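Heads up: the structure comes next, in structure tokens.
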Protein chains: 2
Amino acid sequence: MVLSNAKGSIPLYMQIKDLLVARVTEGEWVPGDIIPSEMQLARELNVSQGTVRKAITELVENNVLVRRQGRGTFVATHDGDRALFHFFHIVNDNGTKILPESKTLSCRRKRASRQEASKLNLSSGAQVVCIDRIRILDNQPTLIETIILPAELFGDLGQRQARNLPNTLYELYETQFGITIHRADEQLRAVAATDRDASLLGLEAGSPLLEIARTALTLDGTPVELRISRCSTSKHYYQNAVF
Amino acid sequence: MVLSNAKGSIPLYMQIKDLLVARVTEGEWVPGDIIPSEMQLARELNVSQGTVRKAITELVENNVLVRRQGRGTFVATHDGDRALFHFFHIVNDNGTKILPESKTLSCRRKRASRQEASKLNLSSGAQVVCIDRIRILDNQPTLIETIILPAELFGDLGQRQARNLPNTLYELYETQFGITIHRADEQLRAVAATDRDASLLGLEAGSPLLEIARTALTLDGTPVELRISRCSTSKHYYQNAVF
DNA sequence: CATTTAAAGACTTATATAAGAGTTAAGCTA
DNA sequence: TAGCTTAACTCTTATATAAGTCTTTAAATG
């Protein structure tokens, strides 16, 4: 890529931002990597350090990069707390975040339904990995999750033993498949518990459940996971803060 | 306020940020006002323009200020689309935002319940204004709202005729009462429709509804509105994007 | 002469560069 | 281990140019 500072062109710092994003999405830098220092990048790109800084600052705000004073700037990883809580909005009644445990029910391959294929930008009938699991909060089964992944990207996940699946899948996606979830769009509805829901969660059939239909995207906007969670909200709720 | 640049003190730009916020919260500048230019503020505060700029930049990101190139920097207003959509997450099935109409059922004063008083930081038994209304989306009654406001801040709202209430209350709060909603915390649950819910929304009693319990806060963190929305999600859903 | 149009200037934010002092973390050396 | 050195980000100041908005002035037009 060539930078341009001609009149009327896109600002330099934005071009640099795009360039840095490209290096991440193309795998030149992977999560956890340290990137060159601001001075190194400035020299390489023939701009001033301040311009590089502005580009990096915006990427830090977007959770793409992480700065550590005295050490350097790193590609953000989604391990630890971030993996667990950044995309997890269920808290218990007194508002405290809780560590969910997971019990995988099944993990198998199948053909994508039309809707699934459409939402994941797959050709109709493409193979997907389908994971069913229950999440336990405060020792109570609270959430039923169905996860759909393109088999193309998550090849051997379909053959894996269900028990081998870790609690924090997004960490697994990142470390095992090089796929970093960067954004999620969620659609929330209230639905009635099916018989299966009811028996898994220990409720009456027809009880109201909170259904969260999530599409998770990578940094370049590719949808790579569908996740439908049906959640009992008698002891927990979905927390959202709007600024 | 005195700025300090001593070793170990809070960075200047943050102190300036606080100072600017204070001028807004104390009403020295009100929404829509233009604030002094970066150069003027820099001279007044004895710092460089770049430092003022950094403070302003963060406040723009927080939706406190708005920049208009060639004109100046203004205190953000919540009129127009922002008032309507920034805090409104219900969209219809194909994902398009819709303009909700409102039908006010009642608007009266009463004593705050314990929970209400606690959430609004009021002394127990303080007067509150209580608004009941229905919101119509796509010509279908979809949402039942109950709104609780401290009477102390919204004095004459309780005496107002119900029909005089506009659709976008947050605009009214700002223009009539000088209260700008800056942030909202929402707690979402699935609940069963009561008989009243059911008859108002034209559903069966016991149907699952999405309940959104919102606490709305001003810039300085004071809670000034409680709002409980019970929403039929058969034709609509709650949309949330996480980055 | 009155009105419209165009140019100029002033002011503001936006972008870019440069430089120095401060803070933090890691590794090396004694 | 204690202290030093180095390298990185952080904060602040300074300066210059670009670009957008508005007002004033001047010119052109009818």
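Keep in mind it's a predicted model, so treat the numbers as computed, not measured. Chain letters run A, B, ... following the sequence lines, proteins first and then strands; every chain starts at 1.
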Write down the distance between [atom1] ([X]) and [atom2] ([N]), rounded to a whole number of angstrom.
X      : N       : atom1 : atom2 : answer
Q49(A) : dT13(D) : CD    : P     : 17 Å
I35(A) : dA7(D)  : CD1   : C1'   : 15 Å
M14(B) : dT23(C) : CE    : C1'   : 13 Å
L41(A) : dT17(C) : CG    : P     : 14 Å
R53(B) : dT10(D) : CZ    : P     : 19 Å
F74(B) : dC11(C) : CZ    : C1'   : 12 Å
N46(A) : dA18(C) : CG    : P     : 10 Å
I10(A) : dT15(C) : CD1   : P     : 12 Å

**OP:** Check each of I228(A), L143(A), I90(A) against I212(A) using the side-chain contact (heavy atoms from CB on, under 4.5 Å) test, and report the only one that passes.
**Re:** I90(A)

**OP:** From the options I134(B), I131(B), I147(B), select the one residue that forms a side-chain contact (heavy atoms from CB on, under 4.5 Å) with T104(B).
**Re:** I131(B)

Original post:
So, E145(B) and R133(B), do they make that salt bridge, N to O below 4.0 Å?
Top reply: yes

**OP:** Determine, for E38(B) against R67(B), whether the closest basic-nitrogen to carboxylate-oxygen distance falls under 4.0 angstrom.
**Re:** yes

[X] side-chain proximity, nearest of [options]:
X      : options                  : answer
S37(A) : dT13(D), dA16(C), dA8(D) : dA8(D)
Q40(A) : dA8(D), dT17(C), dT13(D) : dA8(D)
L12(B) : dT13(D), dC9(D), dT13(C) : dT13(D)
E38(B) : dC9(D), dT13(C), dT17(C) : dT13(C)

I want to check one thing: is the phosphate of [N], taken as OP1 and OP2, less than 4.0 Å away from some side-chain N or O of [X]?
X      : N       : value
T73(B) : dT13(C) : yes
R71(A) : dA26(C) : yes
S48(A) : dA18(C) : no
T51(A) : dA16(C) : no
K54(A) : dT15(C) : yes

Subject >> Residues in side-chain hydrogen bond (donor to acceptor under 3.5 Å, both in side chains) contact with T175(A), at least two apart in sequence or another chain >> reply: none

Subject >> Those residues of residues 55-70 of chain B lying under 4.0 Å from DNA chain C by at least one heavy atom >> reply: R67(B), R68(B), Q69(B), G70(B)

**OP:** Give a yes-or-no answer on whether the side chains of D185(B) and T215(B) include a donor-acceptor pair shorter than 3.5 Å.
**Re:** no

Original post:
Do the ring planes of F87(A) and Y170(A) sit parallel (below 30°), tilted (30 to 60°) or perpendicular (above 60°)?
Top reply: perpendicular

